[in-house]
Amino acid sequence: MTCINLTHGQDFSNRAAIHKLLGGNLQSGITMATKAKAILLFKNAEELYSDYFYPNGSKDYCLYTGIGRTGDQDSVENHSYNLNIAVMSHRQQGKALLLFEKRERTYYFISEYRLTGTHQNMQPDDSNTMRRVFVFHLEKISDSVEVAITE
């Protein structure tokens with residue numbers, strides 16, 4: 001087993017570099033790392049519902065919208081349902097929540113977070129149909145984290 005350190009602001013040339021290091025789905029906004037005990041969250045300011053940091057742009061707390069572009073995110077019929085449930089149960093699973101942000105073509109490690117609460121909201125999906133979404137309340141744990149990598 002190898003350990004790597006991730007620090008706030010550390011940059012990755014693309015998603016493939018993160019995938020090579022930690023594993024997981026290259027396309028998904030929330031993905032289970034396959035090489036570490038972690039759930040990877042990706043923030044993209046270009047998305048319709050970019051995630052909200054507060055207060056005044058601080059990275060200490062944020063609201064992060066669950067995964068799933070169509071249909072109700074709380075429906076077991078939704079293919080992303082299990083990923084949303086994984087975020088809600090990350091502490092019980094012993095998995096870190098690691099947040100990355102895409103800026104233009106580069107990805108940056110923001111911090112490790114933990115879930116402090118959740119609520120649901122109504123948002124239009126990709127076909128402009130209103131649906132229920134999860135909104136995760138996250139609190140920063142640390143700007144740097146040591147991650148154990150399993151090959």
Side-chain angles (χ1 to χ4, degrees), residues 1-71 73-74 78-121 123 125-126 132-151:
M1 181 167 32
T2 310
C3 289
I4 59 152
N5 288 308
L6 296 173
T7 58
H8 177 77
Q10 182 176 349
D11 66 332
F12 297 87
S13 57
N14 53 40
R15 277 284 289 266
I18 298 168
H19 176 75
K20 182 177 180 182
L21 185 64
L22 299 170
N25 184 321
L26 276 168
Q27 303 298 318
S28 185
I30 298 174
T31 187
M32 304 295 287
T34 56
K35 297 180 181 180
K37 288 193 75 166
I39 300 168
L40 312 180
L41 308 174
F42 292 91
K43 177 186 181 311
N44 184 347
E46 298 168 7
E47 290 288 322
L48 178 61
Y49 295 103
S50 101
D51 301 298
Y52 308 100
F53 286 90
Y54 58 93
N56 299 325
S58 163
K59 303 285 188 203
D60 291 342
Y61 299 94
C62 75
L63 299 177
Y64 187 93
T65 304
I67 188 170
R69 294 181 171 270
T70 59
Q73 290 181 352
D74 61 357
N78 188 313
H79 70 280
S80 300
Y81 176 80
N82 289 336
L83 290 170
N84 288 317
I85 297 303
V87 171
M88 287 187 268
S89 62
H90 82 96
R91 286 196 219 180
Q92 293 84 357
Q93 296 177 45
K95 294 192 177 192
L97 291 179
L98 305 178
L99 180 65
F100 296 84
E101 180 177 24
K102 180 182 179 186
R103 296 182 212 145
E104 296 181 16
R105 294 181 184 205
T106 304
Y107 287 84
Y108 296 89
F109 177 68
I110 301 299
S111 297
E112 178 183 6
Y113 285 81
R114 70 172 173 212
L115 182 74
T116 60
T118 187
H119 74 270
Q120 287 189 289
N121 201 359
Q123 293 177 351
D125 66 11
D126 280 354
R132 292 181 305 277
V133 298
F134 290 110
V135 180
F136 303 122
H137 301 235
L138 304 178
E139 177 182 35
K140 181 172 66 173
I141 294 175
S142 177
D143 279 337
S144 64
V145 62
E146 184 175 84
V147 179
I149 302 296
T150 58
E151 296 297 328

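Nothing fancy with the numbering, it's 1 onward along the sequence. Below, all heavy atoms of this structure are taken into account, side chains as well, without hydrogens, waters or symmetry copies.
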TODO: Of all the heavy-atom pairs spanning D125 and G71, show the shortest one and how long it is.
DONE: OD2-N, 3.3 Å
- [ ] Can you see which heavy atom on Q73 is nearest to which on N78, and at what distance?
- [x] CA-ND2, 3.7 Å
Task: Test side chain to side chain contact (heavy atoms under 4.5 Å, CB included) applied to F136 and L41, step by step - done: CA-CA 11 Å; F136 303 122; L41 308 174; over 6 Å; no
Task: Minimal non-hydrogen separation, R114 against E139, with atom names - done: NH2-OE1, 2.7 Å
Task: For the student: nearest non-hydrogen atoms of A38 and L98, plus distance - done: CB-CD1, 3.8 Å
TODO: Could you walk me through whether H137 and H119 pass the side chain to side chain contact (heavy atoms under 4.5 Å, CB included) test, one step at a time?
DONE: CA-CA 8 Å; H137 301 235; H119 74 270; 2.8 Å; yes
Open item on the list: Can you confirm whether M32 sits close enough to L83 that some side-chain heavy atom of one is under 4.5 Å from a side-chain heavy atom of the other?
Closed with: yes
TODO: Taking all heavy atoms of V87 and all of L115, pick out the closest pair and write down the distance.
DONE: O-CD2, 3.8 Å
Task: Side-chain (K95) to main-chain (S89) donor-acceptor, under 3.5 angstrom - done: no
- [ ] Apply the test side chain to side chain contact (heavy atoms under 4.5 Å, CB included) to residues Y64 and L99: give CA-CA distance (whole Å), side-chain angles for both, the deciding distance (0.1 Å), then the verdict.
- [x] CA-CA 10 Å; Y64 187 93; L99 180 65; 3.9 Å; yes
Open item on the list: Treating R15 as the side-chain partner and Y107 as the backbone partner, does any N or O pair qualify as donor plus acceptor under 3.5 Å?
Closed with: no
Task: Minimum side-chain heavy-atom gap T65-L63 below 4.5 Å - done: no
Open item on the list: So L22 and I149, do their side chains get closer than 4.5 Å, heavy atoms only?
Closed with: yes
Task: Residue pair K140 / S111: nearest heavy atoms and the distance that separates them - done: CD-OG, 3.2 Å
- [ ] Decide yes or no on side chain to side chain contact (heavy atoms under 4.5 Å, CB included) for D74 and Q120, but give the supporting numbers first.
- [x] CA-CA 9 Å; D74 61 357; Q120 287 189 289; 3.0 Å; yes
TODO: Mark yes when over 12 heavy atoms from residues, nucleotides or ligands other than Q27 sit less than 6.0 Å from its CD; otherwise mark no.
DONE: no
Task: Parallel, tilted or perpendicular, as decided by the 30° and 60° cut-offs, for the rings of F42 and F100 - done: parallel
Task: Polar side-chain atom of H90 near backbone of A96 as donor-acceptor pair, under 3.5 Å - done: no
